[in-house]
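All values below come from the heavy atoms of this structure, side chains included, with hydrogens, waters and symmetry mates left out. All ligand and atom numbering here is 1-based and tracks the order in the structure.
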Amino acid sequence: MSILHDITDSSLASEGKKRISWAQKDMRVLQIIKEQFKKTKPFEHITIGGCLHITSETANLAIALKEGGARVYLCASNPLSTNDAVAASLVKDYKIPVFARKGEDNKTYYKHLNSVLDQKPHITMDDGADLVGLIHSKRTDCQKNILGSTEETTTGVIRLKAMEQNGTLKFPVLAVNNNLTKHMFDNRYGTGQSTLDAIMRSTNKLIAGSVFVMCGYGWCGRGIAMRARGMGARVIVCEVDPIKALEALMDGYEVARLIDAIREADVVVSSTGGKHIIDRKHFQAAKDGVILAQSGHFDIEVNKQALAKLAKKKKQVRRFVEEFDLGKKRIYLLAEGRLVNLAAADGHPASVMDMSFAGQALSAKYIIEHSSELKKKVYTLPLAIDREIASLKLASKNVSIDRLTKEQERYLHSWQEGT
Ligand code: ADE
């Protein structure tokens, strides 16, 4: 028998409610979708299980889905990213069951995922593909109910693509991360701002004049590097893809191998999706006092086991800052090497999550409307829907843009006019 919810402290609900309404003000696209859902009830008789970061932004998504008729159940997609006050308000004020406690251990994390799956969802929403992973391994009993799933993040989409390619994927998935209105904004401006915010909140170090090493120059890395430079850091980019490395160089950054860059680094952030990016040899080469943080999905980018082995002592020196004393130098790891922007700050601002979660909400609706024709594949929402999200966002910011005249449109679709 599964319990109805599992949260840290229900007395935090009033603080959570304030946070949810604060975020709502900046989620105007999602509010429009919510109003449409209220009228059309696309999710009547549908259960949605979400494994997402439990934040005030996610709360607004869950509320919109519930207004659309869904029964919504939530668990966290990371043991450290839950806002306990928001979880409490969702349960108390919005009657949305949540299974998540900030700081939960691995066993509890999976118990919570299982509690959501016990509800036999028709649609799952993942941020990192953990629910889908379970439904394909220990919880195959859930497969028959599933119409489809949505995936929020780059790492999750990579996992799902691999499943599609080797034929293991059992139902359709909408890759929300593929939306242009998602990765161009959430990954770049969201991760850029929230990662710097987390580093500053947890360390209170001055960024100006520091040497800031960025591992990875994908959409997240671009955003983080841009914001670090904007605050006056000297930014060095480390990237294994020669095209991205070249892009970083032409964007005006220094580009180097990590083993060289880390010798002078004050801060190193990894956002690559890869494993053991910052490894034993890098710890050995680093200078005293270096700060390490990770802004990728899984806590595997910093080799924590190797760091712990090298350390003679370790201690907590500030909230979310652990000191590893290697004898001749000290290394500081933020937020246990977990995604720092959600663990040590509030995650991406609501205004950018507005577009990501508009994509989530419309993807869920798309699954309902197209379930008979969707195959066991990873899909991207049609560009027209992506553009509609952008248009609504512009309108919410009172920005008007030009439109092509008939003649300009004709010209762009023709080949006859030339030199
Ligand atoms: N991912 C990054 N930031 C987030 C936020 N504020 N809410 C939910 N998921 C997120």
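Residue-ligand proximity, D346 to ligand 1, at heavy-atom distances under 4.0 Å covers atoms 6 (N). Atom numbering of ligand 1 starts at 1 in the shown order; those under 4.0 Å from a heavy atom of F357 are 8 (C). In summary, the atoms of ligand 1 found under 4.0 Å from a heavy atom of T58, numbered by their order in the structure, are 7 (N), 8 (C).
In this structure, L52 falls outside the shell of residues with a heavy atom less than 4.0 angstrom from ligand 1.
In this structure, a donor-acceptor pair under 3.5 Å is present between the side chains of T154 and N177. A donor-acceptor pair shorter than 3.5 Å cannot be found between the side chains of E57 and H348.
Under 4.0 angstrom from ligand 1, the non-hydrogen atoms of E57 all belong to its side chain.
Among H297, E152, M353, the residue whose heavy atom sits closest to atom 4 (C) of ligand 1 is M353.
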Let me see the working for D266 and K205 under salt bridge (Lys or Arg N to Asp or Glu O under 4.0 Å), right down to the final yes or no. CA-CA 10 Å; D266 296 302; K205 289 271 185 183; over 6 Å; no

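The side-chain tip of R229 points at the ring of Y253 from less than 6.0 angstrom away and within 45° of straight on. At least one cation-pi condition fails for R19 and W22: the charged atom is not both under 6.0 angstrom from the six-membered ring centre and inside a 45 degree cone around its axis.
Distances between N or O atoms of H53 and those of ligand 1 include no value under 3.5 Å. Residue contacts with ligand 1: T55 is placed with a nitrogen or oxygen under 3.5 Å of a nitrogen or oxygen of the ligand (distance criterion only). For ligand 1, none of its N or O atoms has an N or O atom of D127 under 3.5 Å away.
Annotation: atom 3 (N) of ligand 1 to nearest protein heavy atom, H348 N, 2.8 Å.
Classification of the F99-Y73 ring pair by plane angle, with boundaries at 30° and 60°, yields parallel.
Between the CZ atom in R330 and the CG atom in D288 there is a gap of 4.5 Å [rounded to 0.5 Å].
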